[in-house]
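Counting convention: from 1, in listed order, for ligands and their atoms alike.
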Amino acid sequence: MDKLSVDVCVIGGGPAGMTLGLEVARRGCDVAVLEQTGHFNRSFRGETISPDAVSLLARLGILESVTDAGALVNRKMKLTENGRTLLEVDFDDFPHRHRHPLDVPQPTLLAILAQEAGRHTGFALLRNTSAVGLLETDGAVAGVRSRSPAGEQEIRARLTVGADGRYSKMLEMSCLPYRRTPLERDVVWLKLPAPPDWTSDTYHIRIAGGRHGLFIPTYPDLMRVGFNIPKGGLQNLRRAGLTGLHTRLDELAPELADLVRDSIRNWSDTSVLDIFTSVVPRWSRPGLLLIGDAAHTLSPILGQGVSHALFDAMTLAPLLSEALAKGPDEVTMAAREFQRIREPSLRRSRSLQLRQERMFTFSDPVRVALRSTFYRSLNRSPWLKKRLLGSVFFQLQNR
Ligand SMILES: Cc1cc2nc3c(=O)[nH]c(=O)nc-3n(C[C@H](O)[C@H](O)[C@H](O)COP(=O)(O)OP(=O)(O)OC[C@H]3O[C@@H](n4cnc5c(N)ncnc54)[C@H](O)[C@@H]3O)c2cc1C
């Protein structure tokens, strides 16, 4: 069996893993990032980068490359109920340097991170390579066993980082306890050509009783649509046939009826996301640490996942490179310190999302009326709007 030895072995080449790879390689460490796929192509993934995530791309020095490669600037967010606008947010009203969300295809972002990291001799991206087991020495994780088309390999590392996303195998293999909480809905995603009468700078949220849909302009000339179904409700939706799906969308965006019927002709044009949050009380054990969705899966609402993935990596890299220069105990302490720093912000995002999730599923008339009153009051108060939305989109930049 082939053997490799590095300072840091990162499992997963998503936003968290690639950013960590770049940031530790910049600090002179040897790092291998294992990615099970042979490409970065992934659709229906975090493409809306929150303003805080944009500020992090600037800090990483890659914002210009990302925008040059192609991105849409999101200037407004509009929440409409049965055709009436309840809330309109103009991101230009915020005083922050990076105030607009960006829509960036995740493959573009990951390719730029990989290119940037590849400039450093200590960085290796091992594509088509999956972590299949943990190596352990005296109770501490000492690396992973990996599998690729070339065969199995042992990769020894001073720290192994699980950045393998929402269905993390590293979390399973670590035996760290966790709690997964299914939310009340799942989401069906699909892509449409950008509707000619809709501007490409506005993110629309449409609600109708307990149903809601997100209509997100997507680079270069598409619109991503996500609408809720009851938890595990895919079979029922499918039983009603594609016509049932078309009709569901008509309730939220009747003006798109023709476009929907022309574009969505097969279930393979759709994708279903199982919505849950996961809480992992301890993100690390000696030799192993989890980051990104592996440590804290959030709901996709309000586009927070990429921002937290980037910020995890950028918080961890300096702590880790300093600790690696000292010894294994310091690495263990750095992993704990990392969780201590990052947890409060995640808790805030999770509780905001859960509140929002609950409001979106209201269907009885009293709660629907209260929800409308809440959004209208928010819309009328620029102060409240800045305060509430600022805590979602500008957590980092408000510091
Ligand atoms: C449908 C959908 C829409 C979303 N929309 C948004 C949005 O608009 N904005 C936003 O900010 N967030 C959004 N998110 C969330 C966002 O995509 C994630 O929070 C973010 O990608 C997390 O990054 P990560 O690096 O932790 O994990 P991931 O992006 O999931 O990356 C994990 C990587 O690990 C690899 N991997 C898994 N197992 C192994 C293994 N054993 N060995 C090697 N490699 C492995 C996977 O192939 C993958 O590349 C969305 C998520 C989904 C699913």
Residue pair F393 / V89, side-chain heavy-atom distance below 4.5 Å: no
Could you state whether I49 and I112 fall into the same hydrophobic cluster, counting links through intermediate Ile, Leu, Val, Met, Phe, Trp or Tyr residues with side-chain heavy atoms under 4.5 angstrom apart? yes
Quick one: does T129 get a heavy atom under 4.0 Å from ligand 1? yes
Once the angle between the rings of W198 and F215 is folded into 0 to 90°, is it parallel (under 30°), tilted (30 to 60°) or perpendicular (over 60°)? tilted
Determine the sole option in K385, R376, R380 for which the side chain to side chain contact (heavy atoms under 4.5 Å, CB included) test with L87 is passed. K385
So H296 and H308, would you call those rings parallel, tilted or perpendicular, with 30° and 60° as cut-offs? perpendicular
Non-hydrogen atom of R224 closer than 4.0 Å to ligand 1: yes
Would you call E154-R156 a salt bridge at under 4.0 Å N-O? yes
Could you tell me whether ligand 1 has any atom less than 4.0 Å away from a heavy atom of Q106? yes
So for V306 against ligand 1, with non-hydrogen atoms under 4.0 Å, the contacting part is both
Ligand 1 to L273, heavy atom cutoff 4.0 Å, flagged ligand atoms 1 (C), 2 (C), 52 (C), 53 (C)
Charged N to carboxylate O below 4.0 Å: is that the case for R342 and E337? no
With only distance considered, is A131 within less than 3.5 Å of ligand 1 through an N or O on each side? yes
Would D197 and E255 satisfy side-chain contact (heavy atoms from CB on, under 4.5 Å), going step by step from the backbone distance to the final call? CA-CA 10 Å; D197 303 334; E255 68 273 44; over 6 Å; no
Could you tell me whether E47 and K191 have a side-chain N and a carboxylate O separated by less than 4.0 Å? yes
Which atoms of ligand 1 have any heavy atom of S130 under 4.0 Å away? 42 (N), 43 (C)
Short list, please: which atoms of ligand 1 are under 4.0 Å from a heavy atom of D293? 18 (C), 19 (O), 22 (C), 26 (O)
Say whether A16, considering both its backbone and side-chain N or O atoms, lies within less than 3.5 Å of an N or O atom on ligand 1. yes
Are D250 and R261 within salt-bridge range, i.e. N to O under 4.0 Å? yes
Note: A163, heavy atoms under 4.0 Å from ligand 1, region reported as backbone
Quick note on ligand 1: atoms under 4.0 Å from a heavy atom of I11 include exactly 40 (C), 42 (N), 43 (C)
Interfacing atoms of ligand 1 (cut-off 4.0 Å, heavy-atom, T48): 7 (C), 8 (O), 9 (N), 10 (C), 11 (O)
Looking only at distances, please establish whether an N/O atom of ligand 1 is found under 3.5 Å from an N/O atom of R166. no
Any nitrogen or oxygen of P15, side chain or backbone, less than 3.5 Å from one on ligand 1? yes
Within the structure, does G305 bring an N/O atom to less than 3.5 angstrom of an N/O atom in ligand 1? yes
Of V225, V272, L273, the one forming a side chain to side chain contact (heavy atoms under 4.5 Å, CB included) with V188 is V272
State, without any angle test, whether D293 and T297 hold a side-chain donor-acceptor pair at a distance under 3.5 Å. no
Nearest candidate to atom 33 (C) of ligand 1, where distance is taken over non-hydrogen atoms, out of Q36, E35, E47: E35
Those atoms of ligand 1 less than 4.0 Å from some heavy atom in A309: 23 (O)
Show which atoms of ligand 1 fall inside a sub-4.0 Å distance from at least one heavy-atom site of G292. 26 (O)
W189 N/O to ligand 1 N/O under 3.5 Å: no
For ligand 1, indicate whether the residue M18 contacts it via side chain, backbone, both or neither (heavy-atom separation under 4.0 Å). neither
